[in-house]
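Quick note: numbers below take in every heavy atom, side chains included, and nothing from hydrogens, waters or symmetry partners. Note that the coordinates shown come from a computational prediction; the quantities given were computed from them, not determined experimentally.
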2 protein chains.
Amino acid sequence: MNVKRNFSAKREAIYEALASTKSHPTAEWVYNKLKPDIPDLSLGTVYRNLTVFKEGGLVKSVGVVNGQERFDADMSPHPHFICTSCCKVMDIPGGKLFFDMNAYDHILKEYGARVKSHSLTFYGICHECAEKKDE
Amino acid sequence: MNVKRNFSAKREAIYEALASTKSHPTAEWVYNKLKPDIPDLSLGTVYRNLTVFKEGGLVKSVGVVNGQERFDADMSPHPHFICTSCCKVMDIPGGKLFFDMNAYDHILKEYGARVKSHSLTFYGICHECAEKKDE
DNA sequence: TGGTAAATGATAATCATTATCAAGAAAACT
DNA sequence: AGTTTTCTTGATAATGATTATCATTTACCA
């Protein structure tokens, strides 16, 4: 029996690029990161594989920020902070402190809707941008 | 002194269209809703005014669903449920039950980031779509 | 009445994303 | 090893939502 390889070299590289950063990058960022090492990489391939990952539950979308979708390979439920000035996306670990998991049950009972996931996002001005304004 | 009108007739109509529905519509929806009554309305005007409203804090974005931005004239903080099957966006009133406002303070202390707003969104399958699948 | 600034319609441009399609690599099966 | 089938990719074109442009109109106020 042959060994079935699940990931092509490029698919693997795209996933690793995503998993190795906390910057919640765009497709373009992943492409530019890998392009020097993989000169024959195509932007379409990055988009295609990000879709594959999303559908396979390996990666999730943080939403569209400034017109570009942002991705996260950390599948554990956690909130994000998005700076509306510089568009940086930060993880907020320990999000369980702010969120009541009874919500899923409540929505099912009250609306008959089956919740599969949720996202909690904070918007504001990050530390760095706040300091810049003070200058 | 003349009465200063803050809203042009079209701006007013666009806001009213948004405020009169709970469907969290797209720009296109607003345009199609108003076009019969205001035949010389332009789609660009709808986009322009939605931007004006967002900047003025009269309207907020629910995010990009299926490639189109969805808007909400209800500025009170409340969670949303988005059906990943039909892309319907529902309000979930009473969201305070699920969310701890200490989060704002926590993020300021821990990250030096000043939170101005947040959004809590649930994803799943709505009641109607669940029934359709059973058929 | 005239002047300035805001708002708009029509249209073109932008730009992130998706579709297409032919070619290449891997796997499966003989 | 050869053959067939399926998966993956690069290059490129197409899509489609949103934004910019610009000439024109409208509101406002002296």
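Residues Tyr15(A) and Phe53(A) place their aromatic rings such that the two centres sit under 6.0 Å apart. A distance of 6.0 Å or more separates the ring centres of Phe98(A) and His118(B).
Within the structure, every pair that satisfies the side chain to side chain donor-acceptor pair (under 3.5 Å) test and touches residues 62-71 of chain A, not counting sequence neighbours, is listed here: Glu28(A)-Gln68(A), Lys54(A)-Glu69(A), Ser61(A)-Glu69(A).
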_Where protein sits on nucleotides 11-17 of chain C, one letter per nucleotide: B base, S sugar-phosphate only, - none, heavy atoms under 4.0 Å_ = -----SB

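Atom NZ in Lys10(B) sits about 6 Å away from atom C1' in dT8(C), given to the nearest Å. Between the CG atom of Leu34(B) and the C1' atom of dT8(C) there is a distance of 15 Å, given to the nearest Å. To the nearest angstrom, P of dT9(D) lies 14 Å from OH of Tyr31(A). Whole-Å rounding puts the Phe7(B) CZ to dA6(C) C1' distance at 14 Å.
Leu34(B) is listed as a side-chain neighbour of Ile14(B), based on a closest heavy-atom distance under 4.5 Å.
Interface residues of residues 48-56 of chain B facing DNA chain C, ordered by number: Arg48(B), Asn49(B); criterion, heavy-atom separation under 4.0 Å.
For the residue pair Tyr111(B) / His106(B), no side-chain donor-acceptor distance below 3.5 Å is found, with atom types taken as modelled. At a cut-off of 3.5 Å, with distance as the only test, a side-chain donor of Arg48(A) or Thr45(A) sits close to an acceptor on the other residue.
Within 6.0 Å of NZ in Lys22(B) there are 12 or fewer heavy atoms belonging to other residues, nucleotides or ligands.
Within the 4.0 Å cut-off from OP1 or OP2 of dT9(D), at least one side-chain nitrogen or oxygen of Ser8(A) is found.
With His24(A) contributing its side chain and Val89(A) its backbone, the two residues share a donor-acceptor pair below 3.5 Å.
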